[in-house]
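Here the structure is laid out as structure tokens; the discussion comes afterwards.
We name chains A, B, ... by the order of the sequence lines, and we start the count at 1 in each one. These numbers come from a predicted model, not from an experiment.
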Amino acid sequence: MHSVVSWTAAISGCVQNHDLVRGIDLFRRMIIAGVKPNDFTYSVILGAHPLVRPNEVHAQVIKTNYETLPTVGTALLDAYVRIGAINVARVVFNMIDKDIVAWSAMLSGYARIEDTEGAVRTYMQLGEEGICPNEYTYSSVINACTGPAAAAEQGKQLHACSIKWGYSCALCVSSALVTMYAKRGNIDSAYKVFCRQRERDLVSWNSMISGYAQHGHARKAFEVFDEMERRMIRPDGITFVGIISACTHTGMVEQGEKYYSMMVDHYRITPTMEHYSCMVDLYSRAGMLEKATSVIASMPFQASATVWRSVLAGCRLKRNLEISKLAAEKLISLQPDHSAAYTLLSNIYAAAGKWKEKSEIRKLMDERKVKKEAGYSWIEVKKKTYTFLAGDSSHPLSDRINEKLRELLSLLKDMGYRPDTDYVLHDVEEEYKEAILWRHSEKLALAFGLISTPQEAVIRIEKNLRVCGDCHTVFKLIAKIVRREVIVGDSNRFHHFKGGSCSCGDYW
DNA sequence: ATAGGGTTAG
């Protein structure tokens with residue numbers, strides 16, 4: 001007869017080795033054998049997600065009065081977080097005799113859904129209750145400040161707090177800081193934190209490489225990679241996702257190929273879907289569509305929607321009707337509800353003057369009731385984040401924003417700017433297309449930034465979609481005429497506009 | 001003899 005301890009030890013071993021099926025089987029056999037699970041057992045079995053659903057265990061945990069134990073309660077909370085049930089997780093959290101692990105688990109729950117406010121509110125409560133945070137607390141709450149709508153100021157304050165408590169040097173905290181600063185558009189601060197790290201692990205190096213990649217600083221990413229190799233740190237698959245995407249963002253096709261073979265031949269790392277996806281993106285953006293499709297044909301995976309979207313975006317550049325049709329059909333069949341494929345294909349037909357095909361796409365969208373994904377932009381002014389939706393007029397300063405936009409438009413037109421209406425999907429008159437373009441969320445956010453921040457301040461804008469070509473042109477011109485530095489983080493990378501040009505070199 | 005929280009990617 002085995003004791004509850006040996007049963008639990010056996011189950012724990014299975015779960016830690018990802019053999020969930022065997023772990024769950026052991027749990028069942030334990031019950032059948034008449035051995036009652038204890039608090040350790042419940043903590044272990046809750047870790048067997050996604051095969052074990054938290055609600056299945058929750059009732060038993062309540063019945064056995066383990067719900068308030070920090071160990072069981074935290075495991076339960078975390079299991080709810082993993083299925084996206086943050087509200088249930090919070091209810092569980094409120095029941096627990098909270099220790100610092102429970103607090104950190106709740107914070108990382110908010111971080112997972114990018115709820116910066118929820119995380120910061122919880123972090124404040126922790127302080128009010130006189131609880132002493134530790135390094136995991138900081139790593140979690142800082143991680144909750146990486147989302148596009150998070151205020152950069154918030155992250156900075158948490159950095160200061162972590163210094164005050166003496167945790168800023170802990171690896172998990174400093175790597176979270178590198179990622180946070182990079183994602184907030186502040187790559188210089190990210191690098192400063194990276195330089196101050198006394199010791200580094202793989203995650204530290206990867207965070208810095210990915211940060212540089214997102215900002216299109218390929219050479220700097222290579223330098224960090226070289227330094228890493230010099231120090232005999234073995235890169236992993238994630239390192240190469242970072243380094244190849246740095247090549248992708250700058251059009252360095254040969255370098256990308258070099259790193260890919262280095263990964264496979266020298267480091268013997270088996271490429272994953274992400275690596276193929278990077279390579280397809282590398283070729284697509286460089287307009288090498290045949291190469292891109294041959295990668296797809298050769299890979300041992302079904303091409304994901306991301307992969308076809310890269311190809312389709314590349315087709316827009318090269319106007320390859322045949323490949324774009326193939327890519328769009330694949331993409332539409334994978335994601336019939338998403339607008340991206342329809343939009344891109346429609347734009348390609350429009351550019352090729354194929355109006356009949358374009359209107360058929362339009363009809364298909366109407367039939368399937370596909371809505372264009374709404375474009376959002378965020379801008380931080382005086383420590384507060386403002387959200388703009390395309391066509392938005394709900395902002396209190398809406399009149400002044402529009403006035404500013406009109407003023408800028410006429411200035412730009414004098415400089416020879418012509419709106420690039422290729423980016424408008426709707427079948428409407430040219431003048432109306434121009435109006436739509438000039439209601440894009442990033443333009444609204446920029447106008448608001450210009451009227452509400454001092455001349456010397458850098459304007460930082462985040463966007464949920466990729467920045468459109470017309471907005472990109474306009475931002476370059478505006479940055480020049482108003483002599484301001486503007487940083488835009490879109491869903492793909494960062495653009496630094498300064499003196500009439502962009503850090504992406506118009507390659508994005 | 002058994003337990004819960006964190007970090008890098010597209």
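Side chain of A/Ser43, nearest nucleotide from B/dG4, B/dT7, B/dA1: B/dG4. The nucleotide whose nearest atom lies closest to any side-chain atom of A/Val101 is, among B/dA9, B/dA3, B/dG5, B/dG5. Counting only heavy atoms from C-beta on, A/Phe40 has its side chain closest to B/dT2 among B/dG6, B/dT2, B/dG4.
The shortest side-chain heavy-atom distance between A/Phe194 and A/Trp205 falls under the 4.5 Å cut-off. The closest side-chain heavy-atom distance from A/Ile379 to A/Thr385 is not below 4.5 Å. Using a 4.5 Å heavy-atom threshold, the side chains of A/Met252 and A/Phe222 count as touching.
The distance between atom CG of A/Asn38 and atom P of B/dG4, rounded to the nearest whole Å, is 13 Å. When the P atom of B/dT7 is taken as reference, atom OH of A/Tyr138 falls 17 Å away, rounded to whole Å. At whole-Å resolution of the value, CE in A/Met273 and C1' in B/dA9 are 14 Å apart. Atoms CG (A/Asn134) and P (B/dG5) sit 13 Å apart, rounded to a whole Å. When rounded to the nearest whole Å, the span between CG of A/Leu77 and C1' of B/dA3 equals 15 Å. One can place CH2 of A/Trp103 at 18 Å from P of B/dG5, the figure rounded to the nearest angstrom. Rounded to a whole Å, the CD atom of A/Glu199 is 14 Å from the C1' atom of B/dT7.
Between A/Asp188 and A/Lys192 there is no salt bridge, since no side-chain nitrogen of the basic residue lies less than 4.0 Å from a carboxylate oxygen of the acidic one.
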